[in-house]
Amino acid sequence: METYFGIRYEFDQELVQKRIAQFVADGKVEYVCVTDGVIVDMVNRDDSYRKVVDGAAFSICDSSYVPLYIKWIYGRRYEQYCGSQIFNDIVRSRRYRMFFMGTSQEILDGLKQSISKWNPDVAGMSFYELPFCTVDEFDYPAIAKRVEEDGADIIWIALGAPKQEIFMSRLKPYLKRGVMIAVGAAFKFYSGVNVSRAPKWMIEHHMEFVYRIFSEPKKQLRRCWGIITSLPRLLFQEWRRSRKKQS
């Protein structure tokens with residue numbers, strides 16, 4: 001793992017899969033953060049949230065821009081591993097029993113129908129709509145009991161950042177086993193309800209944020225503004241860090 005912009009990243013996709021498999025085999029309780037530009041921004045603005053992300057086993061890079069910044073500053077080449085891709089990879093692997101929670105029942109129903117085509121085992125797995133409330137109001141012991149009774153290896157969570165990362169950190173003490181992975185909008189992308197991911201050409205040209213702005217303008221413009229206003233400072237701080245490493 002390497003730390004950039006205050007986040008411990010694992011960029012090696014094969015190693016990500018191996019580590020998750022080992023956590024499951026060892027019966028460990030862990031969580032993985034899928035960090036996009038919004039999370040990078042919030043980690044560097046909010047110390048309490050930074051501790052939540054630091055508490056993860058590791059983070060994967062959901063941003064297509066972070067690898068570009070790392071290349072500019074350090075000359076190192078890394079690739080994005082987004083939430084929708086790790087979700088796709090693990091579900092299609094048919095290696096684990098999984099538990100899906102968060103978002104609305106409509107989206108969960110659409111998701112179940114869609115991904116059952118990739119992995120027929122999904123038809124017998126749990127899709128649980130979490131109540132609409134703050135992170136302080138969830139009944140974590142009851143949720144953990146439901147997951148434990150299910151026997152899930154992988155627990156997918158879609159509540160949006162920063163809520164889903166805080167949720168994982170608070171649920172962890174009540175679980176006895178299982179790897180939690182927060183995948184944000186991936187449930188929506190694969191459910192066939194309302195939201196789809198950007199076309200491949202936009203993703204390849206680092207323009208997915210434009211597509212998402214048009215899909216959810218109020219939400220995404222607010223997030224983009226936060227990223228834009230903090231980016232010069234973060235780039236400068238990382239550049240200074242790179243110079244200290246070289247000295």
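Residue numbers run from 1 in the order of the sequence given.
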Problem - D41 vs R45, salt bridge (charged side-chain N to carboxylate O under 4.0 Å, His left out): CA-CA, chis, key distance, verdict - result: CA-CA 6 Å; D41 173 46; R45 291 178 184 269; 2.5 Å; yes

Nearest 0.5 Å, what's the [atom1]-[atom2] distance between [X] and [Y]?
| X | Y | atom1 | atom2 | result |
| --- | --- | --- | --- | --- |
| K112 | F187 | NZ | CZ | 13.0 Å |
| S126 | I155 | OG | CD1 | 11.0 Å |
| N44 | Q237 | CG | CD | 6.5 Å |
| E165 | I157 | CD | CD1 | 9.5 Å |

Practice task
Report yes if some heavy atom in the side chain of R97 is under 4.5 Å from a heavy atom in the side chain of D150; otherwise report no.
Solution key: yes

Practice task
Heavy atoms only: give me the nearest C82-I60 pair and the separation to one decimal.
Solution key: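 Distance-wise, the nearest heavy atoms are O-CD1, 4.3 Å.
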
Exercise for the section: List the atom of A161, the atom of Y49, and the distance in Å for their closest heavy-atom pair. Expected result: CB-OH, 4.1 Å

Hey, what's the ring geometry for [X] with [Y], parallel, tilted or perpendicular (30° and 60° as the breaks)?
| X | Y | answer |
| --- | --- | --- |
| F87 | F100 | perpendicular |
| F11 | Y78 | parallel |
| Y4 | Y74 | perpendicular |
| F5 | Y69 | perpendicular |

Exercise for the section: Show your reasoning for whether salt bridge (charged side-chain N to carboxylate O under 4.0 Å, His left out) applies to D12 and K18. Expected result: CA-CA 10 Å; D12 187 321; K18 286 182 177 179; over 6 Å; no

Problem - Centroid-centroid distance, Y190 to W118, less than 6.0 Å - result: yes

Exercise for the section: Compute the centroid of each ring, for F58 and then for Y9, and state whether the two points are separated by less than 6.0 Å. Expected result: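 Ring-ring flag for F58/Y9: false, centres at least 6.0 Å apart.
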
Using 4.0 Å as the upper bound for N to carboxylate O, is an ion pair formed by [Y] and [X]?
| X | Y | result |
| --- | --- | --- |
| D153 | R177 | yes |
| R50 | D46 | no |
| K145 | E148 | no |

Problem - Steps toward salt bridge (charged side-chain N to carboxylate O under 4.0 Å, His left out) verdict (K172, E30) - result: CA-CA 7 Å; K172 182 180 177 181; E30 296 287 356; 3.8 Å; yes

Would you say [X] has more than 12 foreign heavy atoms packed within less than 6.0 Å of its [atom1]?
| X | atom1 | value |
| --- | --- | --- |
| R76 | CZ | yes |
| R77 | CZ | no |
| Q105 | CD | yes |

Problem - Residues in side-chain hydrogen bond (donor to acceptor under 3.5 Å, both in side chains) contact with D139, at least two apart in sequence or another chain - result: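 If we apply the side-chain hydrogen bond (donor to acceptor under 3.5 Å, both in side chains) test to D139, skipping adjacent residues, there are no hits.
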
